[in-house]
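Before any comments, here is the structure.
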Amino acid sequence: MQSRIALVPDPHGPGGRLQRLGEQGAALGPVLPAADLAAAVGELEAAEQPRWVWATADSAYAPLLPRLPRRLGRCHDLRLVESLLLAHDGQWGAARSLGAAWARLRGLPVPADLGEAATEAQDSLFAPDRLQLPPGTDPLAAVVAVHAEQQRRLAAIEGEPERARLRLLVAAESAGALTAVEIAADGLPWRAEVHDAMLTELLGPRPHVPGTQPARLAELSVRLQQALGGRPFNPDSHAQVLKAFADQGIRLGSTRTWELRTVDHPAAELMIRYKELSRIHAAHGWAWQDAWARGGRFRPEYVVGGVVSGRWASRGGGALQIPRLLRRAVLADPGWRLVVADAAQLEPRVLAALSQDAALARSAAGGDLYQALAATAFQGDRGKAKLGLLGAMYGQTSGDIGPLLATLRQRYPTAMGYLEAAARTGEEGGIVRSRLGRTCPPPSDAWLDLTEGSGDGEQGPRSARARGRFTRNFVIQASASDWALALLAALRRRLAGLPGRPHLVFFQHDEVLVHTPAELADQVVAAVTESATEATTLVFGPTPVQFPMSTAVVECYADAK
DNA sequence: AGTTATGGCGCC
DNA sequence: AAAGGGCGCCATAACT
């Protein structure tokens, strides 16, 4: 039986307190004070690899990490688990902090979760942490009690394998918390000089005065003005752009790029170019570099479980939206490599495994799922196969997709039935869960008001169908997240077993980057492959569906695939 | 002056 | 007639 140890750092200084726990969470033995918490934790980790129990990885692991001799293997993150359990129980309004969970347990007034506005206060040494404990509460006692309560709630989950799956989700989500802290500490290798050269080539030299427009944007602005009659206007203002085009007799419904592409006028092309460049300047220009990519590393702030589907979100820095163009600036250190790995066609494979559609599973048993699908059902037209399947998973009905959906329904009734059942549940106001038990939010009160009594006409009310699309996609996206988290946890563990400290530096829904000494790259690739197999077995059990990873060993991120 | 909404687009 | 899921972030516009 694996040991568990509760861990609480002192608010100031390097010390902290520890408490051994039984599997159900009962405190075993005395509270152990540690003058040097990192040293104590390091020794215990080396001796017995316990599961560390803490309020949040940010508060307990992040400060410890720089002083630990090696990374920790496992944890139980109370805040993330509270979130999973509350959602599973349909309690979406409830606060998730340690303090909130403790207050619920004790029948005390429950503190609201701090908004993101409170983040800046963390910089202050004396700012309160975000645990939200009532004054005078012993944080270690709260950690122990809330953990025991969570173990009790997990044990009370009805049904097997549901209970075991939710426990797996708890472990995987917690491993995600470890990973996010470590990625933040390590950072993604980022060559500012490469980034800078790209910006200079695209936009002109960096303006000396911050806030002024780079030369290339200013030029485009002037040329646009000339092309549209010479009257000055702000190309960043949708209203003014629409008016400027209208004055030339061109009526636009929007300033979207795809619409501009249909316009046969020199200004349209200039406008498209202006938008491309101004976006790069605004979103990933010099200001972004100064704020997020200093010292040779891009350090994003990930928010584990930040999306209801279990995907990570990010806060500041746009970690999950780095333009492909800028991957040129992501370069391994000298003597190191990047192993870039992404799960190929993850979502349709998830659909095949979830629905157990035998025919779809056959298409998902090999390399290119869409090609296999095309060969069976679409006369070899891979594009149609992909469009149709993605449309089915998103609930798309527009365009020329109707015939494709009809073909899919005919050939893969089990898989399509699975999606339609999920959509129906959503339309009727029900909830759905991912493979491991992550739960979607219920309809809002406004939604219930809107849909109540409006009858079930041919198509149902618009918002009901929108919710159907949400639940239809949720089962896929959230189960894909389950799988990706399991992959991440498995990979993290395997990397820890390699010498030379290869480490994860990026995670984006279905893609991972590992920064590794060059001579270990092959072993890292093998670890990725093994981890995918392990994740598949853990999440889906025995299944004919394969989840292949496409991997590349590169020095530059842009050179992958 | 500060907050919220909107349009638009980057990523999956 | 049209009807694609999930995010974060920017600038502008519209508010309080």
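First the proteins, then the strands, lettered A, B, ... as listed; each starts at 1. Values in this document were obtained by computation on a predicted structure and should not be read as measured data.
dG5(C) has Y394(A) stacked on its base ring, the centres lying under 5.5 angstrom apart and the planes within 30 degrees of parallel.
Residue I272(A) contributes atom CD1, which lies 9 Å from atom P of dC9(B) at whole-angstrom precision. Residue Y302(A) contributes atom OH, which lies 12 Å from atom P of dC12(B) at whole-angstrom precision. Spacing between atom CZ of R462(A) and atom P of dG4(C) amounts to 10 Å, rounded to whole angstrom units. Following rounding to the nearest Å, H281(A) (NE2) and dA11(C) (C1') show an atom-to-atom distance of 13 Å. Whole-Å rounding puts the R465(A) CZ to dG5(C) P distance at 11 Å. To the nearest angstrom, C1' of dC7(C) lies 11 Å from CD of Q508(A). Remark: C1' of dT12(C) and CZ of R279(A) are 15 Å apart, rounded to the nearest angstrom. Rounded to an integer number of Å, the gap from CD1 of I401(A) to C1' of dA2(C) is 14 Å.
With dC11(B), dA11(C), dG6(C) as the candidates, the nucleotide lying closest to the side chain of A282(A) is dA11(C). The side chain of F470(A) sits closest to dG5(C) out of dC12(B), dG4(C), dG5(C). Listed nucleotides dG7(B), dA11(C), dA13(C) differ in distance to T255(A); the shortest reach to its side chain belongs to dG7(B). When distances are taken from the side chain of Q396(A) to each of dG10(B), dC12(B), dG4(C), the shortest belongs to dG4(C).
The base of dC12(B) lies close enough to the side chain of R311(A) for a donor and an acceptor atom to sit less than 3.5 Å apart.
Geometric assessment of R467(A) against the ring of W447(A) yields a positive cation-pi assignment under the 6.0 Å and 45° thresholds.
In summary, R231(A) and D247(A) engage in a salt bridge, as defined by a charged side-chain N under 4.0 Å from a carboxylate O.
Q477(A) comes within 4.0 angstrom of a base, heavy atoms only. Residue contacts for I322(A): at a heavy-atom cut-off of 4.0 Å it reaches the sugar-phosphate backbone alone, with no base atom in range. Heavy atoms of R256(A) sit under 4.0 angstrom from primed sugar atoms or phosphate atoms, though from no base atom. At the heavy-atom level, G391(A) lies nowhere under 4.0 Å from the strands shown. Within the nucleic acid shown, G306(A) has no heavy atom closer than 4.0 Å to any nucleic acid atom. N234(A) comes within 4.0 angstrom of the backbone, heavy atoms only, and of no base. Residue contacts for R472(A): at a heavy-atom cut-off of 4.0 Å it reaches no nucleic acid atom on any strand shown. If you check every strand for non-hydrogen atoms under 4.0 Å, R467(A) touches nothing.
OP1 and OP2 of dC10(C) both lie 4.0 Å or more from every side-chain N or O belonging to S278(A). OP1 or OP2 of dG5(C) has at least one side-chain nitrogen or oxygen of R469(A) nearer than 4.0 Å. Regarding contacts with the backbone of dG8(C), every side-chain N or O of S314(A) stays at 4.0 angstrom or more from both OP1 and OP2. Residue K275(A) places no side-chain N or O under 4.0 Å from the OP1 or OP2 atom of dG8(B).
To the nearest whole angstrom, the two P atoms, one in dG8(B) and one in dA3(C), are 15 Å apart.
Within a 6.0 Å sphere centred on CZ of R294(A), heavy atoms belonging to other residues, nucleotides or ligands number 12 at most. Other residues, nucleotides and ligands contribute at most 12 non-hydrogen atoms within 6.0 Å of the CD atom of E269(A).
Minimum heavy-atom separation, G204(A) to W286(A): O-CH2, 3.4 Å.
When each of A319(A) and S309(A) is assigned the nucleotide of DNA chain C bearing its nearest heavy atom, the one mapping closer to the 5' terminus is S309(A).
A donor-acceptor pair shorter than 3.5 Å can be found between the side chains of R433(A) and T439(A).
Residues F547(A) and F540(A) bring their aromatic ring centres within 6.0 Å.
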